[in-house]
J.: 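The structure follows.
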Amino acid sequence: MKRILQFVAVGTVFGAILSAFFIWVVDWFPTEGSRQSKEAYPLFIAITYVSFVIFGVVVVAMGYSIWKFRQRGPSDLRDGDPTHGNTLLEIVWTAIPLVIVAFFGAWGAIVLDRNEAHAKDARVITVVGYSFNFEYRYDSDGGFTRNDGLYVPVDETVTLHMVTPLYTPGTKNLEVIHSFWVPEWGIKQDATPGVSGKTVGTTWVTPTRIGTYEVQCTELCGSGHGTMKFKNIHVLSQADFAVWLAKAKKEAADAKKAAASNPGQAVFNTAGCGGCHTFTPAKSVGKAGPSLNDLTTAFNEAKAAGKTKAADVNGFIKESIVNPNAYIAKGYAPGLMPKTFGTSLSSKQIDDLVAYLAKGGTG
Ligand code: CUA
């Protein structure tokens, strides 16, 4: 018993030194950028301390045993005393983890509850995670969509719903899981295919620091997973946000008007092409896939490489939408572009989109 108490005492000191070293010497944590990360930070620290103390006790007891019961010479073949069960020890080693887990469980529940404290009147934004970009739909502000980043006001709680598009049960229109993580905000939430309505993944954030942050997808979602991180999370002052919101609303209204007379552009916008492709007429600047600004040159390159069966540019564009792996533009990896557009878009939508791209955006 005395020995066990010694292990605990030495292990605790050892663990506390390790914790102090890892917490104060190495700067692990990102800058605190939200009320949620402020809530979670002390919990992280406490879990780190407890984990290192347990690690310390185990390592000290193990180190002592290795030294104490070592073999003393080649003729030392002694065996240890046989033991069988120890009720007190079993009760103690069950009770201690139970108390630790229950304590952190309760603390974690309090943190999650406080993170939602201001959810009631929060502005609702739906985050659409798809291969391989995030899109943001401003549900509380008329439902316009942006794929050039998330803009939110400082010191105001925002509700973030996570969804994936394209999923229709029983069809091949299957998106995969993605996850929205902004380290400075201390929040992370999965966008899971096939989940909708009340069970949709939802999280809340109350940004406290103006600036631009990076979002990273944290679910291995395919060959483009590594490209799915963007430094386009903008926290603006309340006044700057109001200006941005008015401008975004006007741009959305203009785009809607333009789309009415240009069905191909409407398809381009709703199918999310701009998330991965640069196309100047659509004002898109995506970099994951090749630029669509000069498809005649692309067609000639594909033809020279013997990689397309298409007779003309229009046929080539259609082939690239329906069967994207037929020809891969130089410098891009195969398999990046979803193969689902042939089924998720109607044939009229595909024809409109082809015409729009072929004519350089004039539909
Ligand atoms: Cu999306 Cu990883």
Side-chain angles (χ1 to χ4, degrees), residues 30 33-34 36-37 40 112 115-116 119 122-141 143-152 157-207 212-235 248 269-277 284 286-289 335-341 343-345:
S34 77
Q36 286 72 15
S37 64
L112 287 178
N115 284 356
E116 297 177 25
R123 164 176 270 114
V124 176
I125 299 173
T126 295
V127 179
V128 188
Y130 61 95
S131 304
F132 298 98
N133 194 13
F134 291 105
E135 235 172 53
Y136 305 96
R137 196 176 72 215
Y138 286 74
D139 296 323
S140 302
D141 301 285
F144 66 86
T145 299
R146 305 287 295 200
N147 60 21
D148 64 340
L150 176 64
Y151 294 79
V152 288
T157 303
V158 175
T159 299
L160 298 172
H161 289 311
M162 305 288 153
V163 300
T164 61
L166 292 177
Y167 181 77
T168 319
T171 70
K172 283 191 199 149
N173 306 337
L174 199 65
E175 221 350 303
V176 296
I177 189 169
H178 302 279
S179 191
F180 178 89
W181 181 44
V182 179
E184 286 84 353
W185 284 354
I187 55 154
K188 184 171 97 67
Q189 183 69 48
D190 285 355
T192 315
V195 176
S196 59
K198 279 190 176 151
T199 51
V200 74
T202 299
T203 190
W204 291 268
V205 65
T206 319
T212 301
Y213 304 96
E214 188 171 81
V215 58
Q216 268 180 44
C217 175
T218 55
E219 293 287 351
L220 188 55
C221 52
S223 53
H225 168 68
T227 66
M228 215 168 156
K229 55 179 203 160
F230 311 96
K231 199 165 181 183
N232 63 9
I233 305 296
H234 307 278
V235 179
N269 291 341
T270 53
C273 309
C276 289
H277 296 284
S284 74
K287 293 272 185 286
L336 266 180
M337 169 139 161
K339 292 186 278 294
T340 45
F341 290 120
T343 45
S344 65
L345 299 175

J.: Atom NE2 of H161 and atom OG1 of T202: how far apart are they, to the nearest 0.5 Å?
T.: 4.5 Å
J.: Between Y213 and W185, what is the ring plane arrangement, given parallel below 30°, perpendicular above 60°, and tilted in between?
T.: tilted
J.: Test R123 against every option in D141, T159, D139 by the side-chain contact (heavy atoms from CB on, under 4.5 Å) rule and name the one that passes.
T.: D141
J.: Has the side chain of S179 got a donor or acceptor atom that lies under 3.5 Å from a matching backbone atom of Q189?
T.: yes
J.: Between T203 and M162, which heavy-atom pair has the shortest distance, and what is it?
T.: CG2-CE, 4.0 Å
J.: Return yes if some donor-acceptor pair links the side-chain N/O of T164 with the main-chain N/O of A191 below 3.5 Å, else return no.
T.: no
J.: Going by atom types alone, do T206 and Q36 pair a side-chain donor with an acceptor below 3.5 Å?
T.: yes
J.: So does K231 have more than 12 non-hydrogen atoms from other groups sitting under 6.0 Å from NZ?
T.: no
J.: Check for a donor-acceptor pair, side chain of H178 on one end and backbone N or O of E219 on the other, with a separation under 3.5 Å.
T.: no
J.: So which heavy atom on V205 is nearest to which on S34, and how close?
T.: CG2-CB, 3.8 Å
J.: For N232 and H234, work out which heavy atoms get closest and say how close.
T.: O-CD2, 3.3 Å
J.: With rounding to the nearest 0.5 angstrom, report the CG to CZ distance, L160 to F134.
T.: 11.0 Å
